[in-house]
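For reference, the structure I am asking about is given below.
Start at 1 with the first residue, then count along the sequence.
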Amino acid sequence: MLTKRELLRSTAAIAAGAAIARPSLLMAQSYPGIIEAKAIAEEGFIYGLPIVMNYAVMYEFSVDTRNSQFKAPFNQIKNLAHVATYKDTAVVTPNSDTPYSTLWFDLRAEPLVVSVPAVEKTRYYTVQLIDGNTFNFGYIGSRATGSDAGDYMVVGPNWQGATPPGIKKVFQSSTQFAFAAIRTQLFNPADMPNVEKVQAGYKAQPLSTYLKQPAPPAAPAIEFPKADAELVKKNFFEYLDFALQFAPAGPEERTIREKLARIGVGAGKTFAFKDLPLTHKLEIGLGMKDGEEKVEKYLASGSKNINGWKVGSLFGDRLFYSGDWLKRAAAAKGGIYGNDAVEAVYPFTRTLANGEVLDCSKHKYSITFAAGQYPPVEAFWSVTMYDGKTQLLIENPINRYLINSPMLPNMKKNADGSLTLHLQKDSPGADKESNWLPAPNGEIYLVMRLYWPKTEAPSILPPGSGTWQPPAIKVA
């Protein structure tokens, strides 16, 4: 699947199986030289990575009904009465804090109206709206709109209609397909029936149904290209080409779109990408590899290092990125569909404060929160363990993937009131197991989640320069 790390290994494999195009066809076309094609490929890979990753998730969630990750057809909400486990592999760095409800929008024919119920103020929930460019284009929920019931309208990039009575707010996607990630707080396993009652109140309906009017003509049927690991590795730009037809170019995209057209990708292309000479395909593969390396470097250095944790803000709307495609690609690779910093901040680490890679095949680790110095949030916080290579959750004997603040009453504190978490592959013993976060037998990737971070001191905001800092991980 696209979102696993091996899918990011897009290299000269793109040329595999490619035949050299007919000379007569190539001579009739104007294509860039090898050096220019490589440069365009590097920039295009960085620009297109989140878009292609998003397409693959959409394909698994709402198109491929036989896929184990399939959730529901377009414009239908799927409520998941469980949190993510090691079996959830479609999205890297999955959130296992909150049961999800998912909704993929097809906004081509008409807008969709999303309705939310009244939710008790003590229960955090959020509806994060993400478009095909992976821009967060709006929020509904505890922080953004409050806990009251309401109807909200989501429209496509070309919508210019009036706002009907009863609609609290209109959110406009920059693409014709979009995604709603709905998170509902779960206090403990016994709380799941209450979460399900909240989820049952989430509704999605076409605008015409909401207004009790005749529906407009249906949008044309689409033949979605199948997406899997090998296909994406070999045909990255063909997936990007497909996705861009549903994403009108914003002002900051015009230059990169023009460049991509020169290698046969996107609207206005001068020839089909598949018709490039084999030598060009090889150079483009190398350009993609260079682009991937730049994304890796940015992810490692684009956030501030605080006690070994990377703390920054990589997620936002179109204005937040303002054409910084490298930041957007790093955000997607680090954990696609992350929230704006005002909604959640995600300190993450693969190393100790001295830079040594965290490897639970060699060491046991611990992290200690001093008394009264837990992450400062309005909602809740967590620390989640992932496999260092795949960024997926770990199968373990106690089915525990994270430790979060609702678990604090059942955890053991130290004599001074501090709290120590044990990060290791084997149980630390029955007396410490309440504080054990099981790890793989190898490298690990840790992500801290601070939902609805406090704005007054101490605070992690602004990310990277806040007055609260995550504590360092220690070798036990």
Side-chain angles (χ1 to χ4, degrees), residues 77 79 83 95-103 114-131 134-154 167-173 178-187 191 194-195 198-199 201-204 311-321 331 335-347 374-384 402 404-406 447-468 470:
I77 292 176
N79 294 316
V83 291
N95 158 28
S96 190
D97 275 300
T98 57
Y100 270 93
S101 301
T102 62
L103 169 62
V114 175
S115 302
V116 297
V119 179
E120 63 265 43
K121 291 185 178 180
T122 54
R123 186 184 304 276
Y124 170 82
Y125 90 98
T126 180
V127 181
Q128 177 191 4
L129 301 172
I130 312 148
D131 62 29
T134 66
F135 300 146
N136 293 333
F137 66 94
Y139 280 92
I140 304 164
S142 302
R143 178 198 61 84
T145 58
S147 299
D148 295 337
D151 300 327
Y152 301 85
M153 191 163 73
V154 179
I167 296 295
K168 286 192 169 185
K169 189 172 182 178
V170 176
F171 298 95
Q172 186 159 35
S173 168
F179 179 46
I182 307 173
R183 302 171 176 92
T184 309
Q185 184 175 4
L186 174 72
F187 296 122
D191 184 45
N194 299 317
V195 169
V198 175
Q199 290 178 323
Y202 299 138
K203 304 292 182 184
V311 183
S313 178
L314 294 177
F315 302 96
D317 59 11
R318 166 164 256 150
L319 183 62
F320 173 82
Y321 290 112
I336 194 169
Y337 307 142
N339 280 292
D340 293 8
V342 291
E343 194 72 42
V345 175
Y346 307 94
Y374 296 128
V377 293
E378 299 289 352
F380 67 99
W381 59 268
S382 67
V383 180
T384 306
L402 56 80
N404 61 22
S405 50
V447 176
M448 198 178 289
R449 288 177 167 85
L450 282 65
Y451 288 99
W452 192 355
K454 289 187 175 182
T455 54
E456 70 277 7
S459 173
I460 198 167
L461 299 176
S465 57
T467 51
W468 182 86

Side chain to side chain contact (heavy atoms under 4.5 Å, CB included) between F315 and Y321: does it pass, once the steps are laid out? CA-CA 8 Å; F315 302 96; Y321 290 112; 4.2 Å; yes

Are R449 and N404 close enough, and set up right, to give a side chain to side chain contact (heavy atoms under 4.5 Å, CB included), and what steps lead you there? CA-CA 9 Å; R449 288 177 167 85; N404 61 22; over 6 Å; no

Check: Q199 main-chain N/O paired with Y125 side-chain donor or acceptor under 3.5 Å: no

Roughly how far, to the nearest 0.5 Å, is OG1 of T384 from OH of Y346? 10.5 Å

Between the side chains of R183 and Y100, does any donor sit under 3.5 Å from an acceptor? yes

Return the minimal non-hydrogen interatomic distance between T467 and P458, and the atom names on each side. OG1-CA, 3.1 Å

For Y202 and V127, indicate whether the former's side chain and the latter's backbone hold a donor-acceptor pair under 3.5 Å. no

Beyond-backbone contact of D191 with P406, side-chain heavy atoms, under 4.5 angstrom: no

Does some side-chain heavy atom of W468 sit less than 4.5 Å from a side-chain heavy atom of P453? no

Restricting to ring-ring contact (aromatic ring centres under 6.0 Å, His included), what partner residues turn up for Y451, sequence neighbours left out? Y124, F380

In terms of heavy-atom contacts, P463 and V345 come closest through CG-CG2, 4.4 Å

For the residue pair T98 and Q185, what are the closest heavy atoms and their distance? CG2-CA, 4.0 Å

Which atom names give the shortest non-hydrogen contact between D340 and G316, and what distance separates them? OD1-CA, 3.2 Å

Enter the distance from T102:OG1 to I182:CD1 here, rounded to the nearest 0.5 Å. 8.0 Å

Indicate whether the side chain of N95 and that of Y337 have a donor and an acceptor atom separated by less than 3.5 Å. no

Taking all non-hydrogen atoms of both residues, which atom of A331 and which atom of L314 are closest, and how far apart? CB-O, 3.2 Å

Taking atom CG of D97 and atom CG of L402, what is their separation to the nearest 0.5 Å? 5.0 Å

Run the side chain to side chain contact (heavy atoms under 4.5 Å, CB included) check on V116 and K168 step by step: do they pass? CA-CA 11 Å; V116 297; K168 286 192 169 185; over 6 Å; no

Looking at K169, I'd like to know if its NZ atom is crowded, meaning that more than 12 non-hydrogen atoms belonging to other residues, nucleotides or ligands lie closer than 6.0 Å. no

Closer than 3.5 angstrom, by distance alone: can the side chain of S405 be matched with the main-chain N or O of W381 as a donor-acceptor pair? yes

Looking only at atom types and distance, does a side-chain atom of Q172 sit under 3.5 Å from a main-chain N or O of F137, one as donor and one as acceptor? no

Residue pair L450 / P347, side-chain heavy-atom distance below 4.5 Å: yes

Looking at side-chain heavy atoms only, is the closest gap between F187 and N194 below 4.5 Å? no

Interatomic distance, CD1@I130 vs CG@N339, rounded to 0.5 Å, equals 7.5 Å

Counting only N and O atoms by type, is there a donor-acceptor contact under 3.5 Å from the side chain of K203 to the main-chain atoms of D151? no

Taking only residues two or more places apart in sequence or in another chain, which ones pass salt bridge (charged side-chain N to carboxylate O under 4.0 Å, His left out) with R143? E343

Side-chain donor/acceptor of N136 to backbone N/O of G338, under 3.5 Å: yes

Between the CD atom in Q128 and the CD1 atom in I140, the distance rounded to the nearest 0.5 Å is 11.5 Å

For the residue pair V377 and W452, establish whether any side-chain heavy-atom pair is separated by less than 4.5 Å. no

S459 side chain vs K454 backbone, donor-acceptor pair below 3.5 Å: yes

Would you say the side chain of R318 lies within less than 4.5 Å of the side chain of D131, judging by non-hydrogen atoms? no

Let me see the working for V342 and Y139 under side chain to side chain contact (heavy atoms under 4.5 Å, CB included), right down to the final yes or no. CA-CA 11 Å; V342 291; Y139 280 92; 6.0 Å; no

